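Since the structure comes first, as structure tokens, the remarks are kept for the end.
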Amino acid sequence: MQPSPAIKASKLARRFTYLSTYGGGGGGGTTPVANRRAAEQSCLASLGLCDAVPKLVQAHARIIKCGLGSNPLVLTKFASVSSDLDAVDLACSFVFAPDADARLYDAFLFNTVVRACAQSKRREALGFYRLMLRSGISPNKFTYPFVLKACAGIGDLRLGRAVHCSVVKFGFDEDVHVQNTMVHMYSCCGGGGIEFARKVFDGMTKLDSVSWSAMIGGYVRLGESGDAIALFRKMQIAGVKPDEITMVLVLSACADLGALELGRWVESYVVRENVRKTVELCNALIDMFAKCGDVDSALRLFRSMSNKTIVSWTSVIGGLAVHGRGMEAVSLFDEMMAAGVVPDDVAFIGLLSACSHSGLVEKGRDYFSLMTKRFGIKPKIEHYGCLVDLLCRAGLIQKAIEFVEKMPLEPNPVIWRTLINACRAHGELKLGEDITKRLIGKEPMHESNYVLLSNIYAKMSHWEKKTKIREVMDTKGMRKIPGSTLIELENEIYEFVAGDKSHDQYKEIYEMLDEMGREIKKAGYLPSTSEVLLDINEEDKEDALNRHSEKLAIAFALLRTPPGTSIRIVKNLRVCEDCHSATKFISRIYDREIVVRDRNRFHHFKDGICSCGDFW
DNA sequence: GTAGGGTTAG
């Protein structure tokens with residue numbers, strides 16, 4: 001014989017311990033009907049007021065006392081007011097107690113529980129959904145949005161497809177809420193989920209702003225920001241008015257691409273079209289400004305906000321950090337604490353990275369201990385990473401190595417690469433070589449490790465060894481990620497790769513490049529040919545250096561923008577030593593501020609100086 | 001009682 005749904009449910013809820021803790025699990029059941037109804041009313045009323053665990057526990061005790069333990073109305077209410085994680089545990093353990101009357105379960109009850117689990121990202125959501133089906137309760141139109149949301153949290157494509165089949169089976173595949181969540185669910189699944197999302201999206205007859213946002217959000221999550229923006233343009237052509245959530249997503253794509261002009265357009269659109277300026281939208285604007293190189297606008301917006309969350313503070317502190325404005329970041333952090341906002345682990349990552357990018361060694365150490373001692377935050381690998389970087393940038397390589405050896409967490413490749421890069425920059429070449437070789441042993445298919453080793457050999461002038469690395473990579477079938485640079489001009493985004501000749505104006509760009517080369521040489525620039533990247537023909541190093549994507553983008557910008565205006569470019573990898581040095585000269589000779597965002601941080605070049613202080 | 005969203009070391 002099959003166990004009853006209540007028994008199955010209680011098994012499902014067995015992880016939830018509150019029931020036994022608080023001595024619940026059944027009621028007297030002897031209350032007369034009139035009293036019972038009064039009790040039910042009063043319990044419902046009291047439940048309506050609470051959502052925190054202590055209050056729920058109180059309410060729970062009252063319900064048990066009144067013998068209402070199996071009343072679905074009370075059960076459902078109980079589950080639906082439970083908003084935090086512990087409260088969901090409590091509600092589930094109560095609703096699915098072994099003695100609960102499973103005959104009283106209905107779709108509403110299951111929907112409520114599935115929603116609660118999905119919202120708190122618990123896999124049990126799917127368990128409860130399956131139980132619902134096994135108990136013979138048919139899903140209603142509210143069920144699938146909750147179930148699909150739970151699937152989105154899990155991100156498993158096979159599971160998603162199975163649920164999709166059920167959606168079709170029960171005939172909810174025409175419901176726009178279900179379709180929208182389906183797009184979202186698929187776009188959260190790896191392994192080509194985005195294509196399934198697009199299929200659902202393309203098959204929809206009616207697309208509202210939620211549908212567009214769900215699809216745009218999918219591209220943003222994948223890092224396909226160009227596709228996200230292209231889709232946003234289609235949305236406008238389709239005449240669907242974007243709302244604040246669409247704008248958050250578009251801003252996130254702008255931040256990724258460094259598309260400042262488009263980001264600024266979003267800000268003006270929000271004002272012009274009266275889009276709700278929520279905290280989340282403001283936070284997205286702050287992040288966009290900071291990541292597009294205009295950290296002052298990020299600060300201005302931050303100052304204008306009346307409601308700030310920890311995310312607002314963290315975004316602006318992190319923004320200052322990557323721009324090398326460490327002291328300002330530190331004082332904002334202090335201001336935040338003075339304002340009574342309790343920093344979390346993410347806020348400390350921003351702060352510690354600010355200290356390291358600005359060489360504030362002592363401050364960084366102090367804040368690290370403040371984090372653990374006063375705020376009781378257990379440092380994650382990222383925090384240790386910041387501290388290693390902090391020591392490395394200050395040239396304290398030995399101290400950094402000691403720190404790594406004493407760390408309670410296993411150092412990850414990021415930390416090793418931080419050390420290796422510092423070894424290269426501070427001339428500890430033998431040590432760098434040893435660490436890199438060990439790292440390659442652990443991560444033999446990670447191409448950037450080989451590039452690091454190759455750069456070290458170049459610095460040591462070990463040319464044969466350097467060539468050998470190229471061969472090793474070839475035999476392993478590895479390719480170096482090509483460097484590319486983005487630049488936004490007149491609302492268009494242009495991309496350059498090394499030696500690029502695909503642009504319409506390429507002849508003029510190369511003439512400009514030659515002129516730039518002549519001018520900076522006259523001013524004393526010496527090409528640092530030792531850094532020529534791995535996949536470039538060795539025979540003409542200087543020429544190869546001259547064709548790096550960032551130089552092409554700068555030449556293009558000099559041609560196309562008025563004298564005296566700033567130039568902003570975004571590079572996908574770290575800027576190489578030669579380009580860094582050349583850009584300093586260019587900023588002086590052409591009297592331009594050049595803002596370069598690379599993989600890790602911003603470089604502001606002005607009057608021949610870079611804000612990074614030549615360590616990056 | 002339904003869907004889409006913001007910060008995270010190098």
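Chain letters run A, B, ... following the sequence lines, proteins first, then strands; residues in each count from 1. Here the structure is a predicted model, which is why all the values come from computation and not from measurement.
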- Note on the structure: Rounded to whole Å, the CG-C1' distance (A/L109 to B/dG1) equals 12 Å

- Item | Of A/E328, A/H323, A/H604, the residue whose pairing with A/V295 passes side-chain contact (heavy atoms from CB on, under 4.5 Å) | A/H323

- Message: Base, sugar-phosphate or nothing for A/N111? Non-hydrogen atoms, less than 4.0 Å.
- Response: base

- Note on the structure: Atom CD of A/E280 and atom C1' of B/dG6 are separated, to the nearest Å, by 6 Å

- Message: I'd like to know if A/N412 reaches the base of B/dA9 with its side chain, counting only an N/O donor and acceptor under 3.5 Å.
- Response: yes

- Using a 4.0 Å heavy-atom cut-off across all strands, classify A/D175 as base, sugar-phosphate, or nothing. nothing

- Message: Tell me which pairs pass side chain to side chain donor-acceptor pair (under 3.5 Å) where either residue lies in residues 193-206 of chain A, with sequence neighbours left out.
- Response: A/R198-A/D202, A/R198-A/Y219

- Item | A/F201 and A/W212, any side-chain heavy atoms less than 4.5 Å apart | yes

- Output the residues of residues 302-315 of chain A in contact with DNA chain B, where contact means a heavy atom of the residue under 4.0 Å from an atom of the strand; sort by number or write none. A/T309, A/V311, A/T314, A/S315

- Message: I'd like to check, for A/F142, whether its ring lies over the base of B/dG1 with centroids under 5.5 Å apart and a plane angle smaller than 30°.
- Response: no

- Which residue pairs pass the side chain to side chain donor-acceptor pair (under 3.5 Å) test when at least one of the two sits in residues 339-356 of chain A, sequence neighbours left out? A/D345-A/K380, A/S356-A/D389

- Query: Any donor-acceptor pair under 3.5 Å joining the side chain of A/S213 to the base of B/dG4?
  - Reply: yes

- Message: Students often get this wrong, so: under 4.0 angstrom with heavy atoms, is A/R221 touching a base, only sugar-phosphate, or nothing?
- Response: sugar-phosphate

- Assess A/K308 against A/F302: is NZ or CZ under 6.0 Å from the centre of the six-membered ring, and within 45 degrees of the ring's axis? yes

- Under 4.0 Å between any heavy atoms, over every strand shown, what does A/H177 touch: base, sugar-phosphate, or nothing? Just pick one. base

- Query: Once you round it to whole Å, what is the distance between P of B/dG6 and NZ of A/K277?
  - Reply: 18 Å

- Item | Under-4.0 Å side-chain N/O to phosphate OP1/OP2 contact, A/H383 with B/dT8 | no

- Message: What contact category does A/D345 fall into here, base, sugar-phosphate, or nothing, at under 4.0 angstrom with non-hydrogen atoms?
- Response: nothing

- Under a 4.5 Å cut-off applied to non-hydrogen side-chain atoms, are A/F375 and A/M337 in contact? yes

- Task: Measure the distance from CG on A/D344 to C1' on B/dT7 and round it to the nearest whole Å.
- Result: 8 Å

